[in-house]
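Okay, structure first, notes after.
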Amino acid sequence: MRGALPGLISPHPLGERLPGVYADDEFGQQFSQGLDTAFAPLLTVLDCLPAYFDPMLAPMDFVDWLGRWVGAELDGDETQDVRRAAVASAGLLHRSRGTPRGLRMAIRLMFGVEPEISESGGAIWSAGPLGPFPGDPSPWLHVTLRVPDPAAIDQQRLDAVVAGARPAHIPYTVEVLGPDSPASADTERN
């Protein structure tokens with residue numbers, strides 16, 4: 001929250017702007033100094049307003065508010081750097097939601113690791129009609145995260161990120177493996 005800051009002086013003191021009649025009035029000058037103390041944080045925020053809308057520069061309480069404003073999907077226990085990055089990339093993540101690119105970006109943002117994604121879809125072209133259909137007849141999606149310490153990854157958070165960024169109609173599975181672990185049978189469907 002923005003509030004009074006000790007020692008913050010107003011860049012535009014009100015006492016200097018009072019009519020001449022009040023220039024020598026001690027009570028009027030002290031009263032205006034009290035107002036200057038109250039207005040100084042407001043003027044500072046207004047002078048720095050563009051920085052408040054840059055998630056990399058804004059104070060954390062404003063970043064959290066901005067995150068709710070732009071729909072950044074956060075649990076609240078992420079680090080400051082992750083929260084800032086999530087707010088900064090919220091628009092791009094919303095635009096690419098439901099695509100492999102969007103899923104990759106969301107996982108990389110939250111966990112800092114490039115995921116392995118396999119899915120049932122495909123695309124081909126044919127010069128003639130009634131060519132074979134690509135991919136599997138039933139949809140599926142599998143996400144594998146390879147990390148040095150699989151126990152350090154919050155499996156429920158990974159599941160929630162994948163559920164929010166995947167195409168809505170496709171069932172999915174997720175797994176977290178060590179760097180040298182073999183892939184499960186689910187990932188070898190493709």
Side-chain angles (χ1 to χ4, degrees), residues 1-6 8 41-121 139-190:
M1 294 295 232
R2 308 287 72 80
L5 299 171
L8 183 65
L42 174 66
L43 294 174
T44 302
V45 167
L46 291 175
D47 286 344
C48 302
L49 194 60
Y52 275 83
F53 292 99
D54 182 348
M56 300 305 172
L57 299 175
M60 275 316 297
D61 63 330
F62 198 84
V63 170
D64 293 336
W65 175 82
L66 195 56
R68 291 188 299 271
W69 193 40
V70 298
E73 296 177 10
L74 298 168
D75 281 347
D77 55 348
E78 294 88 357
T79 65
Q80 286 187 7
D81 292 338
V82 170
R83 288 182 0 225
R84 289 180 186 279
V87 172
S89 62
L92 183 58
L93 284 171
H94 289 310
R95 279 194 308 270
S96 55
R97 171 173 261 145
T99 66
R101 176 182 177 214
L103 181 58
R104 257 193 191 76
M105 286 174 28
I107 294 171
R108 192 177 329 119
L109 174 68
M110 288 300 152
F111 299 99
V113 178
E114 187 70 28
E116 297 171 11
I117 299 174
S118 53
E119 59 176 314
S120 60
W140 57 268
L141 170 70
H142 185 78
V143 177
T144 303
L145 210 56
R146 292 191 183 273
V147 293
D149 181 16
I153 298 294
D154 181 358
Q155 187 87 21
Q156 290 179 329
R157 179 67 178 142
L158 176 60
D159 190 63
V161 169
V162 172
R166 70 182 166 95
H169 67 286
I170 296 182
Y172 67 96
T173 55
V174 295
E175 69 179 336
V176 181
L177 300 174
D180 300 327
S181 300
S184 69
D186 288 343
T187 60
E188 296 171 3
R189 288 191 266 193
N190 208 3

Residues, nucleotides or ligands: over 12 heavy atoms within 6.0 Å of Trp65 CH2
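Buried by this count: over 12 neighbours within 6.0 Å.
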
Output the distance between atom [atom1] ([X]) and atom [atom2] ([Y]), rounded to the nearest 0.5 Å.
X	Y	atom1	atom2	answer
Leu57	Cys48	CG	SG	10.0 Å
Ile117	Thr144	CD1	OG1	9.5 Å
Leu93	Arg101	CG	CZ	9.0 Å
Gln155	Asp159	CD	CG	7.5 Å

[X] versus [Y], closest heavy-atom pair with distance:
X	Y	value
Ser120	Pro139	OG-CA, 3.1 Å
Ala163	Tyr172	CB-OH, 3.3 Å
Ala165	Gly102	CB-O, 4.4 Å
Val82	Leu109	CG1-O, 4.0 Å
Ala90	Val70	CB-CG2, 3.7 Å
Pro179	Pro148	CD-CA, 3.9 Å

Go through the steps for Ile107 and Val162 under the test side-chain contact (heavy atoms from CB on, under 4.5 Å), then give the verdict.
CA-CA 7 Å; Ile107 294 171; Val162 172; 3.9 Å; yes

State, with a plain yes or no, whether a side-chain heavy atom of [X] is found less than 4.5 Å away from one of [Y].
X	Y	answer
Phe62	Pro55	no
Leu103	Pro115	no
Thr173	Glu175	no
Phe111	Val161	yes

Met110 and side chain to side chain contact (heavy atoms under 4.5 Å, CB included): which partner among Asp75, Ile153, Leu74?
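Of Asp75, Ile153, Leu74, side chain to side chain contact (heavy atoms under 4.5 Å, CB included) with Met110 is met by Leu74 alone.
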
Which residue, Arg84, Arg83, Arg157, forms the side-chain hydrogen bond (donor to acceptor under 3.5 Å, both in side chains) with Glu78?
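It is Arg157; the other options fail the test.
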
Flag, side chain of Ser89 to backbone of Leu92, donor-acceptor distance under 3.5 Å
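Not confirmed, Ser89 side chain does not pair with Leu92 backbone.
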
If only atom types and distance count, is the side chain of His94 paired as donor or acceptor with the main-chain N or O of Gly71 below 3.5 Å?
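Here the side-chain-to-backbone pair exists.
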
Given Arg104, which of Glu114, Glu119, Glu116 fulfils the salt bridge (Lys or Arg N to Asp or Glu O under 4.0 Å) condition?
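Going through the options one by one, the only one that passes is Glu114.
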
